[in-house]
J.: 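Below: one structure in structure tokens.
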Amino acid sequence: MGLPLAEIFEEFSDLDREDQSKYLLELGDDLPLFPPALRTEANRVYGCQSQVWLSADVSGHGDNAVIRILADSDSNIVRGLIAILQSAYDGMTASEILSYDIQAVFRQLNLQQHISPQRRNGLRGMVERIQLLARKHAVSFELSAEESASVAGAVLPLCPAPRFDVLQIRRQFPVLNRPLGDGRFPVYLDSGASSQKPACVIEKEREVEEQYYANAHRGTYQFGVRIDEEFESARELTANFLGARSADEIVFTAGTTAGLNLIAFGWALPRLRPGDEILTTVMEHHANFVPWQQVAIRTGARLKLIPLTSDGRLDASAFDSVFTEKVRLVAVTAMSNMLGTINPIREIARRCRQINACLVVDGAQSVPHLPANVAADEVDFLVFSGHKIYGPTGVGVVYGRQSRLEEMEPVMFGGHMISEVTTERSVWSRPPAKFEAGTMPIVQVIGLGAAIRWLQQLGLAAVHQHEEQLTRLLFDGLREIPGLRIFGPAPEHRGAIVSFRIDGVHPEDLAALLDSHGVFTRHGHHCTMPLHAHLGIAGSTRVSFGVYNTADDVQAFLKALNQARQQLQ
Ligand code: PLP
């Protein structure tokens, strides 16, 4: 297949960047035909700017299966890169592929120096897909359910997934392994407010600060090039993680609140007119309620609510009457930060398409806990925060379908978001730069990339399964407590959040007593005052889990709760 690698080495390594591109184009011209039937979504490799499909022809079984890489792209340079990969892996068995140092090949070709950060990401995506295919065939490796799904067609996780071992995961969180003043270890049950960070995220931020920090998209010196590469790689990772069609659909912001305000004032405000309707719900966090209320006040549009069932779910029987032609925008959380309810985003998206409404999904609580697939779900916007997904504060993401980002106006003006400025007027850059004015939270964006990569390794399906078990355990314990009312639906309809009240116990007093046991929970209205009013309460106690919580945490919480209740009631 193709040229022998040795020949490529000889011809390629000494070429300058321009001649390397020409050479890649020539290699690409000679790429063997990729069967059109294999150009499926299942075989798409994300992480590349161009379209890439990759599959394999396998002969034999287990570790000795010989894997022949088949791939194609709509970019001729990428076809050239594919030709190099085919030559490098030519005739290898699954286990040989897995132990092969492909980076050494790239180093010897001097390839990394000469291709753009986007192409480098694409190349990495292809290598990881090849390794995944090899692991699928090697008997000594077992694929997680999520990896099998990705080989079968879902979005590719970029790293191999280890088994979900909560104690091993917990050990990666320095703050959870430091004793409190009384020698106890913290029982952290407030990940819904903000999650803790694993050592790899803390280390990544330190690495940037200590080794190559510079502004992003500014300098062409070595630090600047490295920073741009890391920054854009975080964008690629995020796009891949969310199942976006392109990294250009990922806009970095300061967090969910900033992202939702961008959409409210950049997309909705210039568009909505008196008589139009914004459809939302009473369970929204203020961040996904107040901006729409403001847009409604300023445009004369009407804010309309999807009714809830008595157990705190969206009332599907009311959908026909609320999804009407007047609705221009639907803003809904994928998972309630108080009730824990998981909302049917796919069905809502379907309804939105029928009435041509724009769908904005608040993913602040769902994205850290449930698999997302924005392209398959057909949402227009999805927003989340870095600090709830084991990443840094001060950074968040707006996924915007490309056509919606093109339509949206910027709301921040300044450097980087322009392509031309004269004394009379300015022309905006294309998205995502159009919405990234000024110096970005560079270290945080890169830290977020590290967090996403880490979470992908765990596999969100496994994360959800683990957290669901904790939620059920908690439910069982809470149900035994007299006078305790849980808000929201049964565990099968919710994520890793449970809010409750106990008759005669003030949530603030309870939180203080739990704290004295080293158990950290949240109390109050959780930025959902309309929801608390709807439930007829002023506040509640909230337990929210993260990947690091254990069954022991649940038991410690229940024990502390029972003691506190006896003291307070
Ligand atoms: N939306 C939901 C559902 C939330 O839970 C939160 C934070 O708790 C937000 C939005 C706001 O996120 P941030 O404070 O990171 O902007």
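Order of appearance sets the numbers: ligands from 1, and atoms from 1 within every ligand. This structure is a prediction, so every number in the text was calculated from the model and none was measured.
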J.: With distance as the sole criterion, is a donor-acceptor pair present between the side chains of T550 and D552 under 3.5 Å?
T.: no
J.: Using only heavy-atom distances, determine whether the side chains of E284 and W292 contain a donor-acceptor pair under 3.5 Å.
T.: no
J.: Could you see which bit of K388 sits under 4.0 Å from ligand 1, with heavy atoms only: side chain, backbone, both or neither?
T.: side chain
J.: Using distance alone, with no hydrogens and no angle criterion, decide if T333 and H285 have a side-chain donor and acceptor under 3.5 Å apart.
T.: no
J.: With a 4.0 Å cut-off, would you call R542 and D190 a salt bridge?
T.: yes
J.: Do other residues, nucleotides or ligands put more than 12 heavy atoms under 6.0 Å from Q555 CD?
T.: yes
J.: Please work out, at 4.0 Å between heavy atoms, whether the side chain, the backbone, both, or neither of E284 comes within that distance of ligand 1.
T.: neither
J.: Which atoms from ligand 1 have a heavy atom of S385 less than 4.0 Å away?
T.: 12 (O), 13 (P), 15 (O), 16 (O)
J.: I'd like to check P530 versus H286 (side-chain heavy atoms, cut-off strictly below 4.5 Å). Are they in contact?
T.: yes
J.: Does ligand 1 have an atom that lies less than 4.0 angstrom from a heavy atom of H387?
T.: yes
J.: Has ligand 1 got any nitrogen or oxygen that is less than 3.5 angstrom from a nitrogen or oxygen of T333?
T.: no
J.: What part of T257, side chain from CB on, backbone N/CA/C/O, both or neither, has a heavy atom under 4.0 Å from ligand 1?
T.: both
J.: Just to confirm my output: which protein heavy-atom neighbour is closest to atom 4 (C) of ligand 1, and how far is it?
T.: H285 CD2, 3.2 Å
J.: Any heavy atom of D362 sitting closer than 4.0 Å to ligand 1?
T.: yes
